[in-house]
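To find a chain, count down the sequence lines: A is the first, B the second, and so on, and within it residues start at 1. FYI, side chains are in, hydrogens and waters are out, and symmetry mates aren't considered; it's all heavy atoms of this structure.
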Protein chains: 2
Amino acid sequence: MAPKGVGYMPRLDLDGNSGYFNSLTDRIFKQIENDILYGKYQPGDSLIETKLSRELNVSRTPIREALRQLEREGLVQSIPNKGVIVKGISVQDIEDIYTIRMMIEGLAARWAAEKITEKEIEELKEVVDLEEFYTTKNDPSHLLKFDSRFHEILFRASKSKPLMHMLSMFHHYIQRARNISLSTPERAQKVLEEHKAILKALMERDAEKAEKLTNEHIKNASINFLKHKEEIEKL
Amino acid sequence: MAPKGVGYMPRLDLDGNSGYFNSLTDRIFKQIENDILYGKYQPGDSLIETKLSRELNVSRTPIREALRQLEREGLVQSIPNKGVIVKGISVQDIEDIYTIRMMIEGLAARWAAEKITEKEIEELKEVVDLEEFYTTKNDPSHLLKFDSRFHEILFRASKSKPLMHMLSMFHHYIQRARNISLSTPERAQKVLEEHKAILKALMERDAEKAEKLTNEHIKNASINFLKHKEEIEKL
DNA sequence: CTTTGTATAATTGTATACAATTATACAGTG
DNA sequence: CACTGTATAATTGTATACAATTATACAAAG
């Protein structure tokens with residue numbers, strides 16, 4: 001089932017670089033977002049268009065468009081005629097997001113169990129296989145990617161645009177914290193088992209069980225986060 | 001308490017036009033968003049930059065920036081090199097949003113009860129007074145505005161950026177449905193009473209009660225929405 | 001009649017120019 | 001020394017120019 005051999009390079013979507021960079025604006029957006037999420041730009045920093053323009057070797061137009069998008073996401077704040085300052089995601093924000101997810105993500109699993117397609121189940125199976133592979137290989141960065149993908153597919157399977165939109169955003173925002181969690185082999189192993197159980201419930205179309213298992217999954221993730229909170233606070 | 005007299009024009013924030021149009025991009029964004037929310041642009045329509053540019057008498061730059069923002073909100077979808085098409089908010093989306101709000105908005109009220117400031121309580125009092133005024137005057141469009149403001153203040157009082165962000169967005173998206181609800185005098189009256197009760201709980205810093213009352217408030221709103229669902233589907 | 005190729009038009013993507021606004025430095029004044 | 005006014009620079013806001021891509025119309029071929 002799981003890919004074998006050391007040199008094997010699994011491919012689901014070109015190297016996991018999902019969302020090939022379509023336009024410059026898109027690439028710039030992801031770049032700056034990442035730099036905010038991983039602390040290159042700290043809260044309070046001001047982002048100057050011409051400077052970013054020089055650094056990233058593009059004109060101001062795509063920079064501005066990216067900044068407007070980041071503003072909508074709440075990652076930066078734009079003050080008219082003055083500039084944009086970084087807001088970022090605080091540790092408190094992450095804690096809040098876990099609390100919200102505990103109340104909502106089970107609903108996504110419930111709806112997914114009712115509406116998931118065969119194709120989506122196949123996608124999930126493949127992702128879980130890859131998670132197994134990278135768990136044994138102890139590779140947190142790939143794990144993070146496929147953990148993201150697992151939840152993305154789940155959200156998509158719920159067939160609810162608002163739910164999907166909101167949960168994707170939240171999940172994406174807390175990736176720094178998730179990265180740290182998945183770096184602990186025990187937690188990584190636990191995540192894998194929980195995903196397997198959720199997948200099983202989805203395959204059986206057992207909405208009740210899928211909801212319950214997912215709620216527990218998020219609860220465990222939340223507990224794990226609280227354990228590592230100080231560690232994250234240092235960044 | 002409540003403003004008296006027929007000609008009285010209450011002012012909390014210049015005519016309720018909250019968020020004076022800062023930049024062109026901002027104005028254009030709100031304009032197009034509104035036109036999508038109220039059905040001028042229907043799902044599937046394609047938005048052409050030059051056309052919008054002519055219609056709104058601005059250059060393409062602010063149009064593009066606004067469209068990129070709308071894309072982030074999920075209200076439009078942009079296909080690289082082809083253009084943007086309207087997605088909009090479907091009746092199913094609205095129903096989902098009510099379901100999500102039923103699970104989350106109580107949390108906002110709970111946190112608000114714990115963290116609300118005196119200033120915010122004063123703001124809420126004033127808003128409730130105005131709601132009372134416009135309820136007796138039977139003025140749905142003003143009611144919608146102050147209903148929005150009531151919830152916005154509540155979200156803000158929770159002191160949670162993610163919660164606030166998400167609930168504001170949702171609340172904003174379903175305004176067409178809320179507008180119809182508030183046009184029914186009985187529902188308008190009920191909303192007023194529920195807001196008063198929530199405000200009272202907040203003033204008493206009774207988190208438990210605030211949460212419970214808010215959950216009931218959303219539940220009632222949801223029930224009311226489902227009653228008017230067909231009516232909204234026609235638009 | 002359908003299909004395919006190609007020129008033309010329409011549209012989006014990116015860069016740049018200019019205007020408006022805000023920040024900074026510094027001299028003069030009390 | 002603090003404060004204020006003003007010139008200059010830095011930065012953002014908007015419009016436009018040009019390039020790249022995609023859609024459309026229409027003729028030629030099968």
Side-chain angles (χ1 to χ4, degrees), chain A residues 14 17-36 40-88, chain B residues 14 17-36 40-88:
Chain A
L14 346 115
N17 227 330
S18 85
Y20 214 58
F21 293 133
N22 295 330
S23 66
L24 258 188
T25 298
D26 211 44
R27 183 168 75 76
I28 300 298
F29 172 81
K30 283 172 181 157
Q31 173 76 58
I32 300 176
E33 184 188 46
N34 204 63
D35 286 346
I36 291 174
K40 178 177 170 187
Y41 303 130
Q42 298 275 335
D45 287 359
S46 73
L47 299 177
I48 287 142
E49 295 175 7
T50 49
K51 217 154 102 187
L52 289 168
S53 162
R54 270 195 306 273
E55 280 173 20
L56 301 169
N57 274 305
V58 292
S59 81
R60 277 177 57 215
T61 307
I63 301 279
R64 280 181 64 86
E65 289 181 1
L67 290 178
R68 286 291 157 306
Q69 290 182 303
L70 289 165
E71 187 188 2
R72 276 293 140 197
E73 301 273 68
L75 251 37
V76 306
Q77 183 182 4
S78 167
I79 299 160
N81 286 312
K82 293 196 69 177
V84 329
I85 58 173
V86 175
K87 301 297 279 186
Chain B
L14 349 112
N17 226 329
S18 86
Y20 214 58
F21 294 134
N22 295 329
S23 66
L24 258 188
T25 298
D26 212 44
R27 183 168 75 76
I28 300 299
F29 171 82
K30 283 173 183 157
Q31 173 77 59
I32 300 177
E33 185 188 45
N34 204 63
D35 287 345
I36 292 174
K40 178 177 171 187
Y41 302 130
Q42 297 276 334
D45 287 0
S46 73
L47 300 177
I48 288 143
E49 295 174 6
T50 49
K51 216 154 99 189
L52 288 168
S53 162
R54 271 194 305 272
E55 280 173 21
L56 301 169
N57 273 306
V58 294
S59 80
R60 277 177 57 214
T61 307
I63 301 280
R64 280 182 64 86
E65 289 180 2
L67 289 178
R68 288 282 111 62
Q69 291 183 302
L70 289 165
E71 188 187 0
R72 276 292 139 199
E73 301 273 72
L75 252 36
V76 305
Q77 183 183 3
S78 167
I79 298 161
N81 287 311
K82 293 196 66 177
V84 328
I85 58 173
V86 175
K87 302 294 279 184

Engineer: Out of B:T25, B:L24, B:L56, which one pairs with B:I63 under the side chain to side chain contact (heavy atoms under 4.5 Å, CB included) rule?
Structural biologist: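 Per the side chain to side chain contact (heavy atoms under 4.5 Å, CB included) rule, the option paired with B:I63 is B:L56, out of B:T25, B:L24, B:L56.
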Engineer: A:L52 CG to D:dT11 P: how many Å, rounded?
Structural biologist: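 One finds 11 Å between P of D:dT11 and CG of A:L52, rounded.
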Engineer: Using a 4.0 Å cut-off on protein heavy atoms (strictly under), produce a 5'-to-3' string for nucleotides 12-24 of chain D with B for base contact, S for backbone-only sugar-phosphate contact, and - for none.
Structural biologist: BBBBBB---SSS-
Engineer: Would you indicate whether the side-chain heavy atoms of B:E71 and B:V84 approach each other to under 4.5 Å?
Structural biologist: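 Side chain of B:V84 against side chain of B:E71, heavy atoms only: no contact under 4.5 Å found.
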Engineer: Roughly how far, to the nearest 0.5 Å, is CD1 of A:I28 from CD of A:E55?
Structural biologist: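 Rounded to the nearest 0.5 Å, the CD-CD1 separation comes to 10.5 Å.
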Engineer: Given B:F29 and A:R72, is the side-chain contact (heavy atoms from CB on, under 4.5 Å) satisfied, shown in steps?
Structural biologist: CA-CA 11 Å; B:F29 171 82; A:R72 276 293 140 197; 3.2 Å; yes
Engineer: Backbone N or O of A:V58 within a donor-acceptor pair of the A:S53 side chain at under 3.5 Å?
Structural biologist: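 Answer holds: yes.
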Engineer: Could you tell me whether a side-chain N or O of A:D26 sits under 3.5 Å from a main-chain N or O of A:S23, the two making a donor and an acceptor?
Structural biologist: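 Not a single qualifying donor-acceptor pair exists.
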Engineer: Tell me, with the steps shown, if B:V86 and B:Q42 meet side-chain contact (heavy atoms from CB on, under 4.5 Å).
Structural biologist: CA-CA 6 Å; B:V86 175; B:Q42 297 276 334; over 6 Å; no
Engineer: Go through DNA chain C and write down every stem, that is, every run of at least three consecutive Watson-Crick or G-U wobble pairs with distances under 3.5 Å, as range with range.
Structural biologist: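 Correct response: C:1-30 with D:1-30.
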Engineer: Going from CG on A:L47 to CD on A:Q77, what distance comes out if it is rounded to the nearest 0.5 angstrom?
Structural biologist: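 Separation between the atoms: 12.0 Å.
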